[in-house]
Amino acid sequence: MSLIESADLDFLENGAVTLARVASPEDGIARALQIETLVVMELEEWQASPFTSSLDLCWYLDQQIPLSLDPSRKTLQALSVEDPPVYALLSRVVLPVFDSIIENSNQMSARLLAVRCAFEATAAQLRGVEWTPPTGVELLPSTAGGAARIHVIGSSVATDVYLPK
């Protein structure tokens with residue numbers, strides 16, 4: 001927050017540009033899931049896989065591959081419609097962990113976007129121009145003498161960033 005309160009316009013603009021270049025947490029999750037899929041397939045080839053059966057491995061990969069291509073809450077919910085079958089012992093343990101990882105990733109992504117927008121909004125205020133939030137972001141007015149805040153639509157209030165007064 002102290003960085004957002006800076007009165008140095010160049011610093012604020014450079015901060016927003018730098019944050020825009022940071023890879024999204026979803027991209028990082030996708031890469032990690034893709035690498036994990038390849039590792040599991042290689043372990044299976046060397047007969048060192050933690051899976052007890054090929055049916056378990058097949059069910060796991062049927063879930064893992066779509067999730068690695070689109071690690072979103074929507075994809076996870078679509079894949080989680082049915083419970084893992086009885087024979088998918090390891091898959092039954094691993095899938096709930098994905099749910100937690102993806103939820104945390106979505107929240108980190110929203111927070112990153114909110115912070116970047118806070119840099120942009122503060123820089124716009126210093127320039128004396130109006131800041132227009134990008135799609136999916138809203139600027140909520142101050143309430144009862146408090147500061148205005150940046151909110152990413154669909155995320156929790158915990159990811160909101162308050163602007164300097």
Would [X] end up clustered with [Y] when hydrophobic side chains under 4.5 Å apart are linked, directly or stepwise?
X: L89; Y: L57; answer: no
X: I102; Y: L69; answer: yes
X: L113; Y: L139; answer: yes
X: W131; Y: L3; answer: no
X: M108; Y: V22; answer: no

Measuring only between side-chain heavy atoms, which start at C-beta, is [X] closer than 4.5 Å to [Y]?
X: P133; Y: C117; value: no
X: R116; Y: R21; value: no
X: R111; Y: V115; value: yes

Heavy-atom pair with the smallest gap, counting every atom of [X] and [Y]:
X: E120; Y: A16; answer: CG-CB, 3.6 Å
X: D56; Y: Y87; answer: CB-O, 3.6 Å
X: L112; Y: A23; answer: CD2-O, 4.4 Å
X: S68; Y: P71; answer: O-CD, 4.2 Å
X: A118; Y: V161; answer: CB-CG1, 3.7 Å
X: A147; Y: Y162; answer: O-CD2, 3.7 Å

Backbone of N14 reached by a side-chain donor or acceptor of T18 within 3.5 Å: yes
Starting at [atom1] of [X], measure out to [atom2] of [Y] and round the result to the nearest 0.5 Å.
X: F119; Y: L163; atom1: CZ; atom2: CG; result: 11.5 Å
X: K74; Y: N106; atom1: NZ; atom2: CG; result: 13.0 Å
X: Q64; Y: W59; atom1: CD; atom2: CH2; result: 11.0 Å

Between E26 and S109, is any side-chain donor less than 3.5 angstrom from a side-chain acceptor? yes
Give a yes-or-no answer on whether the side chains of D27 and S24 include a donor-acceptor pair shorter than 3.5 Å. yes
Could you list the donor-acceptor pairs under 3.5 angstrom formed between side-chain atoms of residues 148-159 and any protein atom two or more places apart in sequence or on another chain?
| unit_1 | atom_1 | unit_2 | atom_2 | d |
| --- | --- | --- | --- | --- |
| R149 | NH1 | D160 | OD2 | 2.1 |
| H151 | ND1 | D160 | OD1 | 2.5 |
| H151 | ND1 | D160 | OD2 | 3.3 |
| S155 | OG | V152 | O | 2.6 |
| S155 | OG | T159 | OG1 | 2.9 |
| S156 | OG | Q107 | OE1 | 3.1 |
| S156 | OG | A158 | N | 3.4 |
| T159 | OG1 | S156 | O | 2.8 |

Please determine whether the number of non-hydrogen atoms from other residues, nucleotides or ligands lying under 6.0 Å from atom CD of E42 exceeds 12. no
Residues passing the side chain to side chain donor-acceptor pair (under 3.5 Å) test with S72, sequence neighbours excluded, are D70, T75
The single option from D62, I29, T37, L33 that satisfies side chain to side chain contact (heavy atoms under 4.5 Å, CB included) with L67 is L33
Evaluation steps, side chain to side chain contact (heavy atoms under 4.5 Å, CB included), between R31 and E36: CA-CA 9 Å; R31 281 193 304 277; E36 183 178 305; over 6 Å; no
